[in-house]
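Have a look at the structure below, then the notes.
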There are 2 protein chains.
Amino acid sequence: MKTVETRVQELVEKLRGQDCRITPQRLAILHVLASSRLHPSVEQIFAKVKGDFPTTSIATVYKTISLLKEMGELIEFSFGDGSNHYDGRDPFPHPHFICRFCHRIEDLEIPELKDIGARLAARSDYRITGYQLNCWGICPACHAAAGQTETGLGAG
Amino acid sequence: MKTVETRVQELVEKLRGQDCRITPQRLAILHVLASSRLHPSVEQIFAKVKGDFPTTSIATVYKTISLLKEMGELIEFSFGDGSNHYDGRDPFPHPHFICRFCHRIEDLEIPELKDIGARLAARSDYRITGYQLNCWGICPACHAAAGQTETGLGAG
DNA sequence: TTACATGCAAACGGTTTGCAGGGGA
DNA sequence: TCCCCTGCAAACCGTTTGCATGTAA
């Protein structure tokens, strides 16, 4: 995985290539996106950027996010919690894990599903061009913190 | 797969078991949920129910949906199109396909991923209790209707 | 008869938009 | 300098809530 600064520079160059200007606010947003492993919401990105630029508007965050999304440089997730979440580190589809208790969102390594993308893309009748695999459950921290009663594989 | 009427009766009995009343509006909602293969939104369910009960309120649809969701009798999806979609025919997780052009949502048969649920549940470190696999692409109808340029496996 | 469901309207919260002023290139 | 970007506020829209009335059991 590339470093945070490498990814920021990559995004800067892609924006410049689209005749977009690199403002201090945008740079701060890019840095949050490139460094956040926990798939932040717009509100969370906004909160971090505000630390450096207190006058920042949430509309600016939305506009930059929208720009990057159109360019295919970040993945948008709707986990049904009311707000969307974003992965700006790795815009290529990969499995995610959402803890039912603390709601943290992490990348998930599933070795036996490593080639799921190729398998899906190879299907001839449906022309699959992208996917999202989201898994819900209990993260190690929450599992350790409390005995758990939920078992089996239920809805969503 | 069970018939529409069988599924409606099943839902009726589960609601009765929770001391819920079976009103004509609810019965109509159950019928739409049990018969819709295309994973309707609340607005779409509302439109169908209104055909039989013109005075129906959308709040009633939301309340019944919420009830069934809590009972685990339907799956809720957020595909990022602004509204949630529901599967009341089969509340057990299974892959879905969303057409990028006509936005239809269908169940997807992926034989080689038939045991994905078991594989995920068997993972010891993360206690996975549910999942959603959503695939985006071009449905046969849209593919036939127009030449397509999109290839590869891009973001979500 | 009575507790629950309905339907209306207002509230809510995340997202989008319009616009005047500011600043990157 | 020029055009894009910012920040504010209002609009937007799916969803939730409160409450008086209606109705299933």
Problem set entry | dG14(C) OP1/OP2 closer than 4.0 Å to side-chain N/O of Asn84(A) | no
Exercise. Can you check the Ile29(B) CD1 to dG7(C) P distance for me, whole Å?
Worked result: 9 Å
Exercise. Hey, is the side chain of Thr55(B) poking within less than 4.0 Å of OP1 or OP2 on dG7(C), counting only N and O atoms?
Worked result: yes
Exercise. Taking side chain as C-beta onward, heavy atoms only, is Cys20(B) less than 4.5 Å from Leu67(B)?
Worked result: yes
Exercise. Could you state the CG-P distance from Asp81(B) to dG14(D), rounded to the nearest angstrom?
Worked result: 10 Å
For this session: Check the side chains of Thr60(A) and Ser57(A) for a donor-acceptor pair under 3.5 angstrom, ignoring hydrogens and angles.
Result: no
Exercise. Does the ring pair (Phe, Tyr, Trp, His ring centres under 6.0 Å) test come out yes or no for His39(A) and Tyr86(A), once each step is laid out?
Worked result: CA-CA 5 Å; His39(A) 309 77; Tyr86(A) 298 88; over 10 Å; no
Seminar exercise, completed: Leu15(A) CG to dC4(D) P, in whole Å, measures 15 Å
Problem set entry | Donor-acceptor contact present, side-chain Ser36(A) to main-chain Val32(A), <3.5 Å | yes
Exercise. What nucleic acid atoms does Ser41(A) come within less than 4.0 Å of, heavy atoms only: base, sugar-phosphate, or nothing?
Worked result: nothing
Exercise. Between Tyr62(A) and dT16(C), does any side-chain N or O lie under 4.0 Å from OP1 or OP2?
Worked result: no
Exercise. Within this structure, what is the CD-to-P distance between Glu43(A) and dT15(C), rounded to whole angstrom?
Worked result: 8 Å
Exercise. Atom CD1 of Ile65(B) and atom C1' of dA5(C): how far apart are they, to the nearest Å?
Worked result: 16 Å
For this session: Verify the distance criterion only: is there a donor paired with an acceptor across the side chains of His31(A) and Asp52(A) at less than 3.5 Å?
Result: no
Exercise. Starting at the 5' end of DNA chain D and moving along, which residue's nearest nucleotide shows up first, Ser66(B) or Leu67(A)?
Worked result: Leu67(A)
Problem set entry | Polar side chain donor-acceptor pair, Asp107(B) to His96(B), under 3.5 angstrom | yes
Problem set entry | Under 3.5 Å: donor-acceptor pair, side chain of Gln132(B), backbone of Glu76(B) | yes
Exercise. Tyr86(B) OH to dG14(D) P: how many Å, rounded?
Worked result: 13 Å
Exercise. Nearest to the side chain of Lys63(A), which nucleotide is it out of dG14(C), dC8(C), dG7(D)?
Worked result: dG7(D)
For this session: Would you indicate, yes or no, if dG14(D) has its OP1 or OP2 atom less than 4.0 angstrom from a side-chain nitrogen or oxygen of Ser83(B)?
Result: no
Exercise. Between Ala59(A) and Lys69(B), which has a closest nucleotide on DNA chain D that is more 5'?
Worked result: Ala59(A)
Seminar exercise, completed: Taken to the nearest whole Å, CD/Glu76(B) to C1'/dT15(D) is 10 Å
Seminar exercise, completed: Its contact letters, B for base, S for sugar-phosphate only and - for none at protein heavy atoms under 4.0 Å, make nucleotides 20-25 of chain C read ---BBS
Exercise. Given dG7(C), is OP1 or OP2 found less than 4.0 Å from the side-chain N or O atoms of Gln25(B)?
Worked result: yes
For this session: Take atom CD1 of Ile58(A) and atom P of dG14(C), then tell me their distance rounded to the nearest Å.
Result: 8 Å
